[in-house]
Amino acid sequence: MTELRQRLGREPGGTREPEEKESESENKLDGETASDSESKSEFGGSPPVPTSDDTPEVLNRALSNLSSRWKNWWVRGILTLAMITFFFIIIYLGPMVLMTIVMCVQIKCFHEIITIGYNVYHSYDLPWFRTLSWYFLLCVNYFFYGETVTDYFFTLVQREEPLRILSKYHRFISFALYLTGFCMFVLSLVKKHYRLQFYMFGWTHVTLLIVVTQSHLIIHNLFEGMIWFIVPISCVICNDIMAYMFGFFFGRTPLIKLSPKKTWEGFIGGFFATVLFGLLLSYVMSGYRCFTCPVEFNNDTNSFTVDCEPSELFQLQEYNIPLVLQSVVGWKTVRMYPFQIHSIALSTFASLIGPFGGFFASGFKRAFKIKDFANTIPGHGGIMDRFDCQYLMATFVNVYIASFIRGPNPSKLIQQFLTLRPDQQLHIFNTLKAHLVDKGMLGSLEDA
Amino acid sequence: MPRILDELDLRSDSDVPDVPPPTDSTPEILKRALSGLSARWKNWWIRGILTLAMISVFFLIIYLGSFMLMLLVLSIQVKCYHEIITIGYRVYHSYDLPWFRSLSWYFLLCVNYFFYGETVADYFATFVQRREQLQFLIRYHRFISFALYLTGFCMFVLSLVKKHYRLQFYMFAWTHVTLLITVTQSHLVIQNLFEGMIWFLVPISSVICNDITAYIFGFFFGRTPLIKLSPKKTWEGFIGGFFSTVVFGFIFSYFLAQHQYFVCPVEYNSETNRFMTECEPSELFQMKKYSVPPLLQAVLGWETVNMYPFQMHSIALSTFASLIGPFGGFFASGFKRAFKIKDFADTIPGHGGIMDRFDCQYLMATFVHVYITSFIRGPNPSKLLKQLLILQPEQQLSVYKTLKSHLVEKGILQPSLRG
């Protein structure tokens, strides 16, 4: 959700003086400001104008039939519906289009954050810097896409000779590309602008860390099965909308100083609503193979297929309802997909920890005195504004899948095994054998 | 585009006067000034003695073994991290930010826990297999690390204080970039160490040798400046350092490659509960006859030469150390100029901080790691084994059968008499 700019005109006058003194002493030392109080100089002159075009919560306090505010509300609502419809269309079009969309969103987010960095540091005219930022983005993407392609498209890669070489020396090539960028950065350091250039270098790297790694985790989740992509994202969106609705109707106790419009009622109401939504959505989706099957690359048709025997996560099972709920719900057993239990974990994370991503972004916007990341979506701000809560979610889902759902991929392990030296292969084989014998899996079937 | 405030006039660094290069720790001054000034010679002697002291400590630790080396790498990492974070505090005058020092150390702990967990599980697989609690920690390692990191992240968000948002975000980013540089590289150094101590010693020595020989060549023959960023570096030093480092690396690897202690991968022996380095040396470390190319035959007068294949790799390592390693040094110089500091810290008299000594090593560590994984060995067998052991029993059985049929096919395994 977009946040209001700090209403400096409302701050008590008593706090102004010590801050100004602090800022002066800071300025004397090195021109670097230690606090955000410099904004006084700019805001002091203009009257405090509440920005009315992007903040529906204003409706709470002001009259609710001012036509400009309703118009804004309608704009937001229509754009929300448009984005959700767009989301469904993309899902319908399939994994390849989804991957492309994730890629585009990633590039746009990177662009938005880097542009903010330029604005903060007035560094548009730094030599080379824009080129270098895009170059680093390309390098890191090349590295991650190469790893993904190697993992998931192993047979395709083995078939084509140039791909095979690129894949074998992938890390070396990526590192060499990155080093080239690093050396270009060092060579581009200009005497009067060292600090600025280092700041932008750091800014670029942190942005890459946040934006690019998470988008690749999203793609990994997608390959596990589209349900692992759709349910988390929908839970975060649902939590956003539900928390807003509950806050709108019942909101009373503020949640955190950072985002004054969030309330405890919205938070808790959103939590329960999201868990329920997650349960229902997973129930509906688990019935369809196109959502639950891992995305595979079919060598013969050279396209993505989602066809498989659904794993036991997606097969209906009878669960006994705990006695406590039996009286409430009136059933003794219920038929559910095991995945729905996992969806409770996902929705809980989306409602309880996901908002911290939003608070982080709010803090970031307040720190750099910006209202929105960009103006891409009317009524909503930039792409980054919509995706700030998603980032923690993507990492969580990936870690969750790796830890609880699947272990390592057996076929991938076999492929790695085949590249080892014979003595290493023998050693691993013997250790595995000893382990299986230990566990009693290999009885008198095999020779010791 | 939303309007951004102008309160940070960072268009240039010119608002702060340039600090003149300090005279007490820059021996190149000797070139320009009289060489008989006793204060400067004294400083030169201090630097020299400290250099010898550091090299001796290095040899001592090598003698004490891999475990001590790991501890040393860890201590250096913690110290470098501390130095860089302290610089951040000074730059942003943020000593009194709430929580921030605790949070920085907490993040360091988290990231180290994550990396050590991944490494320990790989290399101590047999040790870990036997202990149930460790099994649990290993299996859910990523989840536990992520949960720990998230706790730190949420603490950071909750600690944001109204007037200090920007500062806190700067320190957060500073911490993360520092972690990225120091912690990941130190773990790569340890991974290289486990490949064989030679993969740890030769790169580090090449960087040190390049430092020293480039300085010596620059001292005696230096004339053309190399880069504006470090006015004391010269092309003569650079090129002279390159050739001497290649020769040094070549000779040094020849000596090291003969001893199993240096050449063998470090393994953890569960019976003796120690690290051991005993193995059949791989073919990299077995003498081979190479034909000398006709060009060099005239110069050297030999037709063939007995070399270890590893020496060819050492040429690649030394070349990187001499040509690209200095960029790490230039990066650190630029960083110090940007933040108007002379040295990272005052830990080592005459040399500055630990980070000053290790700035060139970081790129080297990553390069050696990438080099090993790309050209020397394939996937890590112990990692593969660990993953195999995590699989479900039915999956393990089917993998076992596939592997067995493959090995029998290749003739590596004799077909069993029964079944």
Side-chain angles (χ1 to χ4, degrees), chain A residues 30-31 33-39 42 119-122 169 171-172 175 179 183 186 189 192-196 198 202 205-206 258 353 356 359-360 363-364 366-367 369-372 399 402-403 407-408 410 413-414 416-417 419-420 422 424-426 428-429 431-432 435-436 441 445-447, chain B residues 2 4-5 7-16 91-93 140 142-143 146 150 154 157 160 163-167 169 173 176-177 229 324 327 330-331 334-335 337-339 370 373-374 378-379 381 384-385 387-391 393 395-397 399-400 402-403 407 412 416-419:
Chain A
D30 57 3
T33 54
S35 79
D36 304 340
S37 58
E38 265 57 53
S39 55
E42 162 137 333
N119 285 337
V120 171
Y121 294 114
H122 308 283
Y169 298 110
R171 288 198 177 182
F172 192 76
F175 184 60
L179 268 190
C183 294
V186 171
L189 287 172
K192 293 275 172 285
H193 300 287
Y194 290 148
R195 191 186 291 223
L196 251 188
F198 272 93
H205 279 68
V206 176
L258 200 49
I353 311 289
F356 277 89
F359 299 149
F360 186 85
F364 180 84
R366 283 175 193 279
K369 309 277 186 243
I370 54 180
K371 183 163 82 77
D372 287 321
V399 171
S403 304
L413 289 180
I414 293 181
Q416 284 187 317
F417 181 86
T419 62
L420 288 176
Q424 292 172 316
Q425 289 181 347
L426 211 52
I428 290 185
F429 178 76
T431 315
L432 183 63
H435 176 81
L436 285 174
M441 303 273 312
L445 263 171
E446 306 283 292
D447 213 356
Chain B
I4 310 295
L5 299 173
E7 75 263 10
L8 288 183
D9 189 4
L10 289 179
R11 285 175 211 277
S12 74
D13 300 339
S14 58
D15 47 352
V16 186
V91 170
Y92 293 113
H93 308 282
Y140 299 110
R142 288 199 177 183
F143 192 76
F146 183 61
L150 267 189
C154 295
V157 172
L160 288 173
K163 296 274 168 286
H164 301 288
Y165 291 147
R166 190 184 295 225
L167 249 188
F169 272 93
H176 279 67
V177 176
L229 199 50
I324 311 289
F327 278 89
F330 299 149
F331 186 84
F335 180 83
R337 282 176 194 281
F339 295 100
V370 171
T373 50
S374 301
L384 191 59
L385 189 60
Q387 290 186 310
L388 276 176
L389 295 174
I390 294 182
L391 287 175
Q395 291 173 313
Q396 283 180 341
L397 206 53
V399 168
Y400 172 79
T402 318
L403 295 186
L407 286 175
I412 298 171
S416 55
L417 296 174
R418 308 185 266 155

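Per chain, numbering begins at 1; letters A, B, ... match sequence-line order.
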- Message: Out of A:Val206, A:Val186, A:Leu189, A:Thr431, return the one with the most heavy atom pairs under 4.5 angstrom to chain B.
- Response: A:Val186
- Message: Which atoms of B:Phe143 are under 4.5 Å from chain A, going by heavy atoms: the side chain, the backbone, both sets, or neither?
- Response: both
- Item | For A:Arg171 against B:Thr373, the heavy-atom pair lying closest together | CD-OG1, 4.3 Å
- Query: Taking all non-hydrogen atoms of both residues, which atom of B:Ala338 and which atom of A:Arg195 are closest, and how far apart?
  - Reply: O-NE, 3.2 Å
- Query: Can you tell me how far the CZ atom of B:Phe327 sits from the SG atom of A:Cys183, to the nearest 0.5 Å?
  - Reply: 4.5 Å
- Query: Roughly how far, to the nearest 0.5 Å, is CG of A:Leu426 from CG of B:Leu403?
  - Reply: 11.0 Å
- Sequence-distant partners of B:Phe339, ring pair (Phe, Tyr, Trp, His ring centres under 6.0 Å), two or more places apart: A:Tyr199, B:Trp174, B:Phe335
- Message: According to ring pair (Phe, Tyr, Trp, His ring centres under 6.0 Å), who are the partners of A:Phe360, at least two apart in sequence or on a separate chain?
- Response: B:Phe153, B:Phe156, B:Phe169, B:Phe172
